[in-house]
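As a basis for the values below, the full set of heavy atoms in this structure was taken, side chains included, without hydrogen atoms, waters or symmetry mates. One-based numbering, in listed order, for ligands and for the atoms of each.
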Amino acid sequence: MEKIIDEKTQGNTLTLEAREGNSRKLYIESYGCAMNFSDSEIVASILADQGYNTTNLLEEADLVLVNTCSIRDKAEQTVRKRLEKYNAVKRINPKMKVGVLGCMAERLKEKFLEEEKIVDLVVGPDAYKDIPNLLKEVEEGRDAVNVILSKEETYGDISPVRLGGNGITAFVSITRGCDNMCTFCVVPFTRGRERSRDPQSILREVDDLAEKGYKEITLLGQNVDSYLWYGGGLKKDFKNASEMEQATATDFAQLLDMVATAHPRMRIRFSTSNPQDMHEEVLHIVAKHPNICNHIHLPVQSGSTRILKEMNRQHTREEYMKLVDRIWEIIPGCSISQDMIVGFPTETEEDHKETMSLMEYVKYDFGYMYKYSERPGTMAARKLEDDVPEETKSRRLTEIVDLQQKHSAIRTAEFLGKTVTVLIEKESKKNKDEWSGRTEHNNVAVFPKENYKAGDFVNVKITDCTTATLIGEVVGYS
Ligand code: SAM
């Protein structure tokens, strides 16, 4: 969930400050969506209480964990290669234990443990609190596995450590699992049914982050707009809740309002919004609070109503366009980004052209685009033949990536000559004399450091830009 997949962070080994007295070493690597990176922080937090400090040196690790992604076949192949590497190290250091976490756990547990015997530990996304017990099993020489998906688990009571963070921006999980059953998607099978986290525990986590000096949070879930707290339990069981529970339930608009009101100086983002669950109330809350960023990640996956129906996306092309119009009416200038899949089964040239014309209509600020990858167990895999040839998928992908580049360039250039507020996050990778940060519209901006520091909100006059980056100079604090 991103869910935002930043290719630059894939496979990052994230570490945190050592806790005194901890003597064992944990090496944890994460793949996939933002949700996985956030989960790794929960795991590191649980293991810090078990005597583990993190390391970024594989060779010195007592425990190696890889938090895996199943969303596309390529993601799984990458992880399998990493497992080969861990096993080569294990031959030199036989005491080292290797565990697979996350979305590949359920699907491949037997293969990993029994057939290939390459891992000691397999833990699904809802079983992280069981890791201490599972580690005992491993120490006693048994393979350990827990891939049970839960109706309740939201890790609301765990205060996650922040792995590899900049101390400025953080993810806060608000929902787990997904009920949308998009026919291409493996998430409902790997992460289970949708449940929401207690708003009080979310607020406590944000309070804690604010106290530690964080300046921006992203509320995270596969489908944040579907957030619904009625005392705990699955979203699908809401209809069976008592009248009292239903009447006092908290939805996403209310949660967003609560968080933004409690922390007017904290910048707030959220991801991912599924168009079918996005209500206008949320848009009004975004418009009402200056600290909620005017950016909506609104995956559409295809511009063809026929394909959207095959994908079970529960909205048409026209309904999506209307939603985009409403976003701009209620939040003028709001930036919108997309996820798109090319080559879904039966996708014709005509369908592909509809995707391109929808992109022309929205002129997304940026997007994440993928070739359809058939996932075992999904409805599409069971019912539809993966019939779009690989060359066609590649060509269509190139076409939409090129179009997106053109649109990103147009959107970025709209800021030329304007002054925008930027939260300074880190040193620019290209120039150590420059800061890099993001605007509320999620554009990266770079500018001379002067006397400003990471964590400052500054006003930057934009004088130049590339396709995706704003270039400017600071005119003062915001
Ligand atoms: N929950 C979000 C939604 O429904 O819009 C996104 C979840 S998913 C982790 C991130 C993106 O991966 C999706 O938006 C989709 O574009 C892509 N994706 C998911 N399944 C895929 C598949 N089988 N093949 C290719 N891309 C896929």
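Within the listing of ligand 1, atoms 12 (O), 17 (C), 18 (N), 24 (N), 25 (C), 26 (N), 27 (C) sit less than 4.0 angstrom from a heavy atom of Arg72. Which parts of ligand 1 touch Gln301 is read off a 4.0 Å heavy-atom cut-off, strictly below it: atoms 5 (O), 13 (C), 14 (O), 15 (C), 16 (O). The Ile341 neighbourhood of ligand 1 comprises atoms 15 (C), 16 (O), 18 (N), 26 (N), 27 (C), with distances under 4.0 Å to a heavy atom of that residue.
Proximity of Phe184 to ligand 1, defined as any heavy-atom pair under 4.0 Å, is shared by backbone and side chain alike. When heavy-atom distances to ligand 1 are checked against a 4.0 Å cut-off, Ile71 comes that close through both its backbone and its side chain. Only the side chain of Pro299 comes within contact range of ligand 1, with a heavy atom under 4.0 Å; no backbone atom does.
For ligand 1, the polar-atom distance check finds no N/O of Tyr372 at less than 3.5 Å from any of the ligand's N/O atoms. Considering backbone and side-chain atoms together, Asp339 places an N or O closer than 3.5 Å to an N or O of ligand 1.
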(message) Under the criterion side chain to side chain donor-acceptor pair (under 3.5 Å), I'd like the reasoning laid out for Ser196 against Arg176: C-alpha separation, chi angles, the key distance, then a yes or no.
(response) CA-CA 6 Å; Ser196 297; Arg176 295 186 74 81; over 6 Å; no
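Screening Ile292, Leu256, Thr175 against Leu219 for a side chain to side chain contact (heavy atoms under 4.5 Å, CB included) leaves a single residue, Leu256.
The shell of residues lying under 4.0 angstrom from ligand 1, judged by heavy atoms, includes Lys371. Taking 4.0 Å as the cut-off, Asn274 counts as a neighbour of ligand 1 on heavy-atom distance.
With Tyr370 as the aromatic partner, Arg72 meets the cation-pi criteria of under 6.0 angstrom to the ring centre and within 45 degrees of the ring axis.
Between Gln276, Arg375, Met311, Arg313, it is Arg313 that holds the heavy atom closest to atom 4 (O) of ligand 1.
Counting only distance, with no hydrogens or angles, the side chain of Thr305 and the backbone of Arg317 share a donor-acceptor pair below 3.5 Å.
Note: Asp198 CG to Tyr230 OH = 13.0 Å, rounded to the nearest 0.5 Å.
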Which pairs of donor and acceptor atoms, one on a side chain in residues 165-172, lie under 3.5 Å apart (sequence neighbours left out)?
{"from": "Asn166", "atom 1": "OD1", "to": "Ile168", "atom 2": "N", "distance (Å)": "2.9"}
{"from": "Asn166", "atom 1": "OD1", "to": "Thr169", "atom 2": "N", "distance (Å)": "3.0"}
{"from": "Asn166", "atom 1": "OD1", "to": "Thr169", "atom 2": "OG1", "distance (Å)": "3.4"}
{"from": "Asn166", "atom 1": "ND2", "to": "Thr169", "atom 2": "OG1", "distance (Å)": "3.4"}

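Residues passing the side chain to side chain contact (heavy atoms under 4.5 Å, CB included) test with Ser226 are Glu194, Asn223, Lys235, Asp277, sequence neighbours excluded.
Centroid-to-centroid, the aromatic rings of Phe415 and His441 come within less than 6.0 Å.
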